[in-house]
Engineer: 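Pasting a structure below so you can have a look.
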Amino acid sequence: MRNTNVRLPESVFDRLEALVAPVSSAPPLELQTLGQISRSDVLRLAILRGLADLEAEFGEQRRLPLGE
């Protein structure tokens with residue numbers, strides 16, 4: 001995995017934090033994490049699902065596996 005820095009409005013952090021507990025109660029398969037779900041895990045899930053939506057909308061033919 002690679003790291004990146006992204007500036008986000010405070011309201012996005014509030015929304016992510018609000019999703020930690022619900023996501024923790026039924027972790028999706030995309031989150032291959034050991035232990036407790038974090039705000040970063042929820043952000044990672046949002047990015048992965050958002051990318052899938054963009055690929056579907058704009059016809060991206062080459063989709064990478066989720067772990068790459």
Engineer: By the salt bridge (charged side-chain N to carboxylate O under 4.0 Å, His left out) test, which pairs, at least two apart or in different chains, include something from residues 4-15?
Structural biologist: none

Engineer: Could you pull out every donor-acceptor pair under 3.5 Å between side chains of residues 35-54 and any protein atom, sequence neighbours left out?
Structural biologist:
from: S38; atom 1: OG; to: S40; atom 2: N; distance (Å): 3.3
from: S38; atom 1: OG; to: D41; atom 2: N; distance (Å): 3.2
from: S38; atom 1: OG; to: D41; atom 2: OD2; distance (Å): 3.2
from: D41; atom 1: OD1; to: R44; atom 2: NH1; distance (Å): 2.8
from: D41; atom 1: OD2; to: S38; atom 2: N; distance (Å): 2.9
from: R49; atom 1: NE; to: E30; atom 2: OE2; distance (Å): 3.0
from: R49; atom 1: NH2; to: E30; atom 2: OE1; distance (Å): 3.4

Engineer: If the condition is side-chain contact (heavy atoms from CB on, under 4.5 Å), which residues does P22 pass it with, not counting sequence neighbours?
Structural biologist: none

